[in-house]
Amino acid sequence: MAQAIEEWYKQMPVITRSYLTAVVVTTVGCSLDIISPYKLYLNPLLVVKHYQFWRLVTNFLYFRKMDLDFMFHMFFLARYCKLLEENSFRGRTADFFYMLLFGATVLTGIVLLGGMIPYLSESFAKIIFLSNSLTFMMVYVWSKQNPYIHMSFLGLFTFTAAYLPWVLLGFSVLVGASAWVDLLGMIAGHAYYFLEDVYPRMTDRRPLKTPSFIKALFADEHVVVARPGNVRFAPPPAEDVLQG
């Protein structure tokens, strides 16, 4: 069993493995009182006035206490982060990292701006960890890129992947969780999907092109497809047919 888990862990792509490791270490550390959650949560005043910039990162690493909800989110994090990195972003580690960076920036910006709106500030003030929202963003992006895959929810009913975010949102409401957290993830995910997939098809412009300095952080990966030497993928030229 331990060996199977070790193999599963080693086979994860680099970003998924790194993020999952950071999340588990942080959450376990908080559960054992080695790390204080009060040092991790997003607090704009502490960031701006006391230069505690690490909070802009650490609030994405803590998933509250280790319970059934934690296992639920770890499953979705490991599954959909891995699926995105291995499929949609295969050979494009820098682009995948930039997607997460974009999502984290959008989520942080929404919370900071929402805290300034009179009638919404109280609701946004309660959102001090954005880890669940970032996970939900990845689920949303995956569902948009794979809308026709058939899925089942707890064996109760089936649906296509395009409706997965809404099914999970409904489940969160039923169990009494805050809908704001999931909605923020959907907003960030849709912003990325529109700017990366929809807008370029409309205008031939790609506003989310990964900066060169981020690409320099990751080694280039080339996806190679083996091709047998004697297999033709197109009809032979007419002169070859005549000569044969």
Side-chain angles (χ1 to χ4, degrees), residues 1-28 57 60-64 66 68-107 129-154 159-169 171-172 181-182 184-186 188-193 196-197 208 210 214-215 217-225:
M1 181 67 177
Q3 186 176 1
I5 294 176
E6 182 180 358
E7 286 298 319
W8 170 78
Y9 178 77
K10 288 182 178 179
Q11 290 175 1
M12 281 186 175
V14 59
I15 300 296
T16 302
R17 184 171 64 246
S18 300
Y19 185 40
L20 184 64
T21 301
V23 164
V24 172
V25 169
T26 302
T27 305
V28 170
V57 177
F60 291 99
L61 302 180
Y62 182 50
F63 280 81
R64 308 296 178 111
M66 298 184 67
L68 183 61
D69 183 66
F70 172 77
M71 300 304 297
F72 182 75
H73 281 92
M74 287 303 96
F75 169 77
F76 279 96
L77 172 61
R79 175 175 173 78
Y80 293 102
C81 189
K82 183 173 182 285
L83 284 174
L84 282 173
E85 189 171 0
E86 286 186 338
N87 297 308
S88 302
F89 292 90
R90 185 179 181 186
R92 299 189 296 131
T93 304
D95 293 340
F96 184 62
F97 177 79
Y98 189 56
M99 184 203 80
L100 295 181
L101 182 61
F102 171 83
T105 303
V106 170
L107 290 170
F129 291 102
L130 290 167
S131 46
N132 290 350
S133 298
L134 187 62
T135 300
F136 208 86
M137 173 203 170
M138 288 186 272
V139 172
Y140 186 90
V141 172
W142 180 85
S143 71
K144 281 294 187 179
Q145 295 180 347
N146 303 272
Y148 303 112
I149 294 179
H150 288 276
M151 310 188 74
S152 174
F153 184 74
L154 302 178
F159 55 93
T160 57
Y163 297 100
L164 177 61
W166 299 103
V167 171
L168 295 179
L169 176 63
F171 179 74
S172 295
V181 173
D182 293 346
L184 290 180
M186 294 175 70
H190 191 75
Y192 178 83
Y193 169 72
E196 178 66 14
D197 295 333
L208 292 184
T210 304
I214 292 182
K215 286 185 176 292
L217 297 175
F218 301 91
D220 291 334
E221 301 175 24
H222 301 284
V223 179
V224 179
V225 179

For a side chain to side chain contact (heavy atoms under 4.5 Å, CB included) with Met138, tell me which candidate from Leu83, Thr16, Leu84 qualifies. Leu84
Where [X] and [Y] come nearest, the two heavy atoms and their spacing:
X: Ser143; Y: Ala161; result: CB-O, 3.0 Å
X: Leu61; Y: Thr27; result: O-OG1, 3.8 Å
X: Pro165; Y: Tyr140; result: CG-CD1, 3.7 Å
X: Phe136; Y: Leu169; result: CZ-N, 4.1 Å
X: Ile214; Y: Leu101; result: CD1-CD2, 3.9 Å
X: Thr160; Y: Pro147; result: CB-O, 3.3 Å

Any side-chain heavy-atom pair of [X] and [Y] under 4.5 Å:
X: Phe129; Y: Val181; result: no
X: Phe96; Y: Cys81; result: yes
X: Val23; Y: Tyr62; result: no
X: Arg92; Y: Glu85; result: no
X: Leu100; Y: Met137; result: no

Assess whether side chain to side chain contact (heavy atoms under 4.5 Å, CB included) is satisfied between Asn87 and Trp142, documenting all intermediate values. CA-CA 10 Å; Asn87 297 308; Trp142 180 85; 5.6 Å; no
Would you please test Thr21 and Tyr9 for side chain to side chain donor-acceptor pair (under 3.5 Å) and show each step? CA-CA 10 Å; Thr21 301; Tyr9 178 77; 2.5 Å; yes
Separation between [atom1] of [X] and [atom2] of [Y], rounded to the nearest 0.5 Å:
X: Lys10; Y: Arg17; atom1: NZ; atom2: CZ; value: 10.0 Å
X: Tyr193; Y: Gln145; atom1: OH; atom2: CD; value: 8.5 Å
X: Leu130; Y: Leu107; atom1: CG; atom2: CG; value: 5.5 Å
X: Met151; Y: Asn146; atom1: CE; atom2: CG; value: 9.5 Å
X: Ser88; Y: Asp197; atom1: OG; atom2: CG; value: 8.5 Å
X: Thr210; Y: Leu217; atom1: OG1; atom2: CG; value: 11.0 Å

Can you tell me if CZ on Phe159 sees more than 12 non-hydrogen neighbours from other groups inside 6.0 Å?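 Counting other residues, nucleotides and ligands, CZ of Phe159 exceeds 12 neighbours.
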Check the angle between the aromatic planes of Tyr192 and Phe89 and answer parallel, tilted or perpendicular using the 30° and 60° thresholds.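 Tyr192 vs Phe89 ring planes: tilted.
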Are the charged groups of Arg90 and Glu86 less than 4.0 angstrom apart, N to O?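 Salt bridge: no.
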Assess the residue pair Val141 and Glu196 against the criterion (side chain to side chain contact (heavy atoms under 4.5 Å, CB included)); give the C-alpha distance rounded to whole Å, side-chain angles, the decisive distance to 0.1 Å, and a yes or no. CA-CA 10 Å; Val141 172; Glu196 178 66 14; over 6 Å; no
Could you check, using the six-membered ring where one of them is a Trp, whether Phe76 and Tyr80 have ring centers closer than 6.0 angstrom?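 Between Phe76 and Tyr80, the centre distance is under 6.0 Å.
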Would Tyr163 and Leu168 count as a side chain to side chain contact (heavy atoms under 4.5 Å, CB included) if you check the C-alpha gap in whole Å, the side-chain angles of each, and the deciding distance to 0.1 Å? CA-CA 9 Å; Tyr163 297 100; Leu168 295 179; over 6 Å; no
